[in-house]
Amino acid sequence: MQRRHFNTRLAALAAASVTGLPAMAQDGAPMRILVGFSPGGSVDAVARLLAERLKEPLGMNVIVENKPGATGRVALGEVQRARPDGRTLVLAAGGAMVIFPWLYPGTLGYDPVKDFTPVSRVTSLSFVVSVGPAAPVTDLRGLIAWVKANPTKAMYATSGAGSVPHFSGLLLAQTLGVQLTHVAYKGGPQAEQELIGGHVPMMIDSPTSTTIDLHRTGKLRIVAVTGKTRLPALPDVPTLQEAGVNLAIDNFFGLYGPASMPADTVNRIDRAVAQVLAQPEVREKILAAGLMTDHGGPQELASVQASQLKRWEAPIKASGFKVE
């Protein structure tokens, strides 16, 4: 029913008149979608898929520019300072808009609400809980029992300190009433290799195509998905809630522009994004990458951002984690 509702809503949006942005397109200058990370990650892949397909409905070239640095804050800063004409946007992972404000109070350099205009919620990402040879279990219930029996060994790896997976692990530990020790690595691939090598028993991170392949070949085992629904790329892996854990966590990807973008420009871009996401081949690529097709307009993006800002405040402050 949810998928049918989603398809119906997208079809209605796609059927709406998606005109180009005449004033922008006349001089031939492209629209830029900035990505705050190096090429190859989930955010970059989604941005490039959007850029390729947005050219037709917008009637102009759309390019992706990678601006890595400061865990995405370099790209956000450039968009923050850009003219609000719709030419410069950023595809931001939700963590930068709902986690960072609590990690960098007074030093972040931007206000995630006041300094940006929400344009489109593009997709969402559930995380996966994986185990390696150091945790001899086959499912989440077995992992929970193992963690309780081996508190000194109960460590979880992530792709970095201060990330959404980092705090997802803290929420999971609080929900289960156990102690989990966080081990941060410089990226998902390194954490994954440490998991496979038996140096850490479990990992919480994004379900990349590599992770999914390693799961299918038995080199690691994905025991749970953190979101509310199973991932199409992992239909046999239950959610935390299905396994009896009352917790659901995901991370949204939002397209933002500078503050004070005109409403008609925002709506034209959002309609174009909806049209692109309604294309079956686009949806298939997004689902195959372990992401969810989860479009929402500017108001919906603003709403999910506000709710997650509120949600993460207490657990981050309670963690005592300090950015060094």
#### Entry: Verdict with supporting geometry, Gln308 and Val164, side-chain contact (heavy atoms from CB on, under 4.5 Å)
CA-CA 11 Å; Gln308 291 202 18; Val164 181; over 6 Å; no
### Task
Let me see the working for Glu52 and Lys285 under salt bridge (charged side-chain N to carboxylate O under 4.0 Å, His left out), right down to the final yes or no.
CA-CA 13 Å; Glu52 176 188 351; Lys285 289 181 179 180; 5.0 Å; no
### Task
Assess whether side-chain contact (heavy atoms from CB on, under 4.5 Å) is satisfied between Thr175 and Val245, documenting all intermediate values.
CA-CA 7 Å; Thr175 303; Val245 180; 3.9 Å; yes
### Message
Test salt bridge (charged side-chain N to carboxylate O under 4.0 Å, His left out) on Asp85 and Arg87; report intermediate values, then the result.
### Response
CA-CA 6 Å; Asp85 56 8; Arg87 290 183 184 272; 3.6 Å; yes
### Task
Under the side-chain contact (heavy atoms from CB on, under 4.5 Å) rule, what do Leu172 and Leu176 come out as? Steps first, then yes or no, please.
CA-CA 6 Å; Leu172 178 60; Leu176 295 175; 3.9 Å; yes
### Message
Is there a side-chain contact (heavy atoms from CB on, under 4.5 Å) between Leu49 and Val276? Walk through the geometry before answering.
### Response
CA-CA 9 Å; Leu49 186 59; Val276 168; 5.8 Å; no
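Taking the side-chain contact (heavy atoms from CB on, under 4.5 Å) definition, one finds that Pro189 meets it with nothing, sequence neighbours left out. Qualifying ring pair (Phe, Tyr, Trp, His ring centres under 6.0 Å) partners for Tyr256, counting only residues two or more places apart in sequence or in other chains: none. With sequence neighbours left out, the salt bridge (charged side-chain N to carboxylate O under 4.0 Å, His left out) criterion links Arg48 to Asp44. A search for side chain to side chain donor-acceptor pair (under 3.5 Å) contacts involving Thr208 returns Thr211, not counting sequence neighbours. Residues satisfying the side chain to side chain donor-acceptor pair (under 3.5 Å) criterion with Gln279, sequence neighbours excluded, are Arg53. A search for side chain to side chain donor-acceptor pair (under 3.5 Å) contacts involving Arg230 returns Glu242, not counting sequence neighbours. The side chain to side chain donor-acceptor pair (under 3.5 Å) check on Ser206 picks up nothing, with sequence neighbours excluded. With sequence neighbours excluded, no residue forms a ring pair (Phe, Tyr, Trp, His ring centres under 6.0 Å) with Phe252.
When the side chains of ILVMFWY residues are joined at heavy-atom separations under 4.5 Å, either directly or via intervening members, Val128 and Met292 end up in a single hydrophobic cluster. With hydrophobic clusters built from ILVMFWY side chains whose heavy atoms lie under 4.5 angstrom apart, Val129 does not share a cluster with Ile212. Met155 and Leu180 fall into different hydrophobic clusters, where Ile, Leu, Val, Met, Phe, Trp and Tyr residues are linked whenever their side-chain heavy atoms come under 4.5 Å apart, directly or through other members. Side-chain heavy atoms closer than 4.5 Å link hydrophobic residues (I, L, V, M, F, W, Y) into clusters, and following such links, even through other members, never connects Leu143 to Val200.
One distance of note links CG of Asp264 with CD1 of Ile269; it measures 9.5 Å at 0.5 Å rounding. Within the model, atoms CG of Asn251 and CD1 of Ile99 stand 8.0 Å from one another, a figure rounded to the nearest 0.5 Å. For the atom pair OG1 (Thr229) and CG (Asp294), the distance works out to 9.0 Å, reported to the nearest 0.5 Å. With rounding to the nearest 0.5 Å, the separation of CG in Leu231 from OG1 in Thr226 is 8.0 Å. Separating the CD atom in Gln179 from the CG atom in Leu170 is a distance of 9.0 Å, to the nearest 0.5 Å. Taken to the nearest 0.5 Å, the CZ atom of Phe127 stands 7.5 Å off from the OG atom of Ser163.
You'll find the side chain of Leu103 reaches within 4.5 Å of the side chain of Phe167, heavy atoms only. Side-chain atoms of Leu301 and Met97, non-hydrogen and from C-beta on, never get closer than 4.5 Å to each other. A 4.5 Å side-chain heavy-atom check between Met261 and Leu89 finds at least one atom pair inside the cut-off. Side-chain contact between Gln241 and Asn246 is present, with at least one heavy-atom pair separated by less than 4.5 Å. Using a 4.5 Å cut-off on side-chain heavy atoms (C-beta onward), Phe321 and Ile316 make no contact. Considering only heavy atoms from C-beta on, Leu108 comes within 4.5 Å of Pro101 through its side chain.
Closest approach of Ala233 to Ala288, counting heavy atoms only: CB-O, 4.3 Å. Of all the heavy atoms in Gln275 and Pro57, the pair that sits closest is NE2-CB, 3.9 Å. Closest heavy-atom contact between Ser126 and Pro207: O-CD, 3.1 Å. Closest approach of Ile249 to Ser168, counting heavy atoms only: CG2-OG, 3.4 Å. For the residue pair Ile204 and Gly169, the shortest heavy atom distance occurs at CD1-CA, 3.6 Å. Across all their heavy atoms, Leu291 and Val46 have their closest contact at CD1-CG2, 3.3 Å.
Val273 pairs with exactly one of Leu58, Val119, Leu255 by the side chain to side chain contact (heavy atoms under 4.5 Å, CB included) rule, that one being Leu255.
Hydrophobic cluster membership of Ile63, counting Ile, Leu, Val, Met, Phe, Trp and Tyr whose side-chain heavy atoms lie under 4.5 Å apart directly or via other members: none, as it forms a cluster of its own. Summarising the hydrophobic clusters (Ile, Leu, Val, Met, Phe, Trp, Tyr; side-chain heavy atoms under 4.5 Å, direct or chained), the residues clustered with Val74 are none.
Formation of a donor-acceptor pair under 3.5 Å by the Asp115 side chain with backbone atoms of Gln80 is not found in this model.
Two rings, from Phe100 and Tyr110, have their centers 6.0 Å or more apart.
For residues 175-234, every residue pair satisfying the ring-ring contact (aromatic ring centres under 6.0 Å, His included) rule, not counting sequence neighbours, is listed here: Tyr156-His182, His166-His182. Counting only residues at least two apart or on different chains, no ring-ring contact (aromatic ring centres under 6.0 Å, His included) pair has a member in residues 264-287.
If you check the side chains of Asp270 and Ser120, you find a donor sitting under 3.5 Å from an acceptor.
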